*Asks:* 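What follows is a single structure, and I will ask about it in a moment.
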Amino acid sequence: QVHVAESGGGSVQAGGSLRLSCAASGSIYRRQSMAWFRQAPGKEREAVAAIDTDGRIIYRDAVKGRFTLSKDAAENTLYLQMDNLKTEDTAMYYCASTDGNGGSWVAMGLLPPANNYYYWGQGTQVTVSS
C-alpha cells in the first residue's frame with residue numbers, strides 16, 4: 001500500500017506564491033508516476049501538472065509559465081511551485097500517484113485523467129483572494 005500526503009496549501013492574495021509538497025511512502029516497489037489535480041466547488045477534478053517515470057512533465061495550459069513541477073525521485077516527493085497565483089486557482093489540490101509509467105499520456109503530450117492514478121492524498125486547500 002502506498003500512502004500519499006500533501007502539505008503546503010494556504011491563503012494568499014492574487015499575485016502571491018505557494019509551494020505544495022507531496023510525499024509518497026509505504027510499500028513502493030516501482031517508480032511512481034505522479035500528478036497534481038485540483039477541484040473547485042461545483043467543478044470537476046482537473047489535472048494541473050503531471051510527471052512520468054522518465055521525467056517528462058506536462059502542464060495544464062492555464063498554469064503554464066506560473067506553476068513549476070519538480071520531483072525528488074529518491075524520496076518519492078513531488079513539489080508544485082505556484083507563482084503569480086490567480087483567484088481562479090482557488091481549489092482543493094490533490095496529489096496522485098501510480099505504479100510505473102501509468103500509460104503514455106505524458107509522452108503523448110496529454111494530461112492524464114484522474115482514473116490513471118491509484119493512490120490519492122486527502123487534499124490541501126489553496127485559496128487566492130483578490
Side-chain angles (χ1 to χ4, degrees):
Q1 183 69 25
V2 176
H3 178 69
V4 177
E6 308 97 337
S7 61
S11 297
V12 295
Q13 289 192 322
S17 299
L18 284 172
R19 188 188 193 213
L20 305 184
S21 299
C22 169
S25 61
S27 303
I28 300 174
Y29 299 107
R30 297 179 63 188
R31 289 185 297 170
Q32 299 286 303
S33 293
M34 301 179 75
W36 286 98
F37 285 75
R38 67 185 181 187
Q39 188 168 18
K43 295 188 177 181
E44 293 188 355
R45 189 169 297 191
E46 62 183 22
V48 176
I51 183 169
D52 66 12
T53 55
D54 293 322
R56 286 181 286 250
I57 296 174
I58 188 169
Y59 296 94
R60 184 168 207 82
D61 286 346
V63 307
K64 284 180 181 177
R66 300 188 297 120
F67 290 12
T68 303
L69 185 70
S70 60
K71 184 183 179 191
D72 182 336
E75 299 294 330
N76 279 309
T77 302
L78 190 69
Y79 303 97
L80 185 67
Q81 177 66 39
M82 305 186 295
D83 297 317
N84 191 21
L85 282 160
K86 302 178 179 181
T87 55
E88 52 262 44
D89 295 320
T90 295
M92 184 71 79
Y93 283 70
Y94 297 90
C95 180
S97 181
T98 198
D99 297 329
N101 218 16
S104 302
W105 296 94
V106 178
M108 293 188 295
L110 299 172
L111 284 167
N115 61 14
N116 192 58
Y117 297 92
Y118 191 77
Y119 308 108
W120 289 82
Q122 295 298 307
T124 185
Q125 178 67 38
V126 171
T127 302
V128 185
S129 59
S130 58

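In this text the structure is predicted, and so the values were computed from the model without any measurement.
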*Asks:* Between the side chains of Gln13 and Ser129, is a donor N or O closer than 3.5 angstrom to an acceptor N or O?
*Replies:* no
*Asks:* Can you give me the closest heavy-atom contact between Tyr119 and Thr98, atom names plus distance?
*Replies:* CD1-CA, 4.2 Å
*Asks:* Do the side chain of Thr87 and the main chain of Ser130 share a donor and acceptor less than 3.5 angstrom apart?
*Replies:* no
*Asks:* How long is the straight-line distance from CE of Met92 back to CD of Gln125, given to the nearest 0.5 Å?
*Replies:* 5.0 Å
*Asks:* Considering all heavy atoms of both residues, which atom of Val4 and which atom of Cys95 are nearest to each other, and what is their separation?
*Replies:* CG1-SG, 3.6 Å
*Asks:* Under 3.5 Å, which donor-acceptor pairs do the side chains of residues 49-57 form with other protein atoms, sequence neighbours left out?
*Replies:*
unit_1: Asp52; atom_1: OD1; unit_2: Asp54; atom_2: N; d: 3.0
unit_1: Asp52; atom_1: OD1; unit_2: Gly55; atom_2: N; d: 3.1
unit_1: Asp52; atom_1: OD1; unit_2: Arg56; atom_2: N; d: 2.9
unit_1: Asp52; atom_1: OD2; unit_2: Arg56; atom_2: NE; d: 2.9
unit_1: Asp52; atom_1: OD2; unit_2: Arg56; atom_2: NH2; d: 3.3
unit_1: Thr53; atom_1: OG1; unit_2: Asn101; atom_2: OD1; d: 2.9
unit_1: Asp54; atom_1: OD2; unit_2: Arg56; atom_2: NH2; d: 3.0

*Asks:* Mind checking the CH2-CG spacing from Trp105 to Leu111? Nearest 0.5 Å is all I need.
*Replies:* 10.0 Å
*Asks:* Apply side-chain contact (heavy atoms from CB on, under 4.5 Å) to residues Met82 and Val126 and explain how you reach the verdict.
*Replies:* CA-CA 10 Å; Met82 305 186 295; Val126 171; 3.8 Å; yes
*Asks:* Which atoms form the tightest heavy-atom contact between Gln39 and Lys43, and what is the distance?
*Replies:* NE2-O, 3.1 Å
*Asks:* First locate atom CH2 of Trp36, then atom CG of Leu80, and finally report the distance between them rounded to the nearest 0.5 Å.
*Replies:* 6.5 Å
*Asks:* If you take all heavy atoms of Gly8 and Leu18, which pair is closest and at what distance?
*Replies:* O-CD2, 4.0 Å
*Asks:* Can you confirm whether Arg60 sits close enough to Glu46 that some side-chain heavy atom of one is under 4.5 Å from a side-chain heavy atom of the other?
*Replies:* yes
*Asks:* Under 3.5 Å, is there a donor-acceptor pair between the side chain of Tyr59 and the main chain of Leu69?
*Replies:* yes
*Asks:* Could you list the residues that satisfy ring-ring contact (aromatic ring centres under 6.0 Å, His included) with Trp120, not counting sequence neighbours?
*Replies:* Phe37
*Asks:* Is any side-chain N of the basic residue among Lys64 and Asp61 closer than 4.0 Å to the acidic one's carboxylate O?
*Replies:* yes
*Asks:* Quick one: do Tyr117 and Ile58 end up in the same hydrophobic cluster if we chain Ile, Leu, Val, Met, Phe, Trp and Tyr together by side-chain heavy atoms under 4.5 Å apart?
*Replies:* no
*Asks:* How many angstroms lie between CG in Asp83 and CZ in Arg66, if you round to the nearest 0.5 Å?
*Replies:* 9.0 Å
*Asks:* Could you check if a side-chain atom of Gln81 sits within less than 4.5 angstrom of a side-chain atom of Phe67, using non-hydrogen atoms only?
*Replies:* no
*Asks:* Are Arg38 and Tyr94 in a cation-pi contact, defined as NZ or CZ under 6.0 Å from the six-membered ring centre and within 45° of the axis?
*Replies:* no
*Asks:* About how many Å separate CG of Asp89 and OG1 of Thr127, when rounded to the nearest 0.5 Å?
*Replies:* 11.0 Å
*Asks:* First locate atom CG of Leu78, then atom OG of Ser70, and finally report the distance between them rounded to the nearest 0.5 Å.
*Replies:* 7.0 Å
*Asks:* Same cluster or not: Val12 versus Tyr79, using hydrophobic residues (I, L, V, M, F, W, Y) connected whenever any side-chain heavy atoms lie under 4.5 Å apart?
*Replies:* no
*Asks:* Indicate yes or no: at least one non-hydrogen side-chain atom of Tyr118 is less than 4.5 angstrom from one of Asp99.
*Replies:* no
*Asks:* Quick check: does any side chain N or O of Glu6 sit under 3.5 Å from a backbone N or O of Cys22, one acting as donor and the other as acceptor?
*Replies:* no
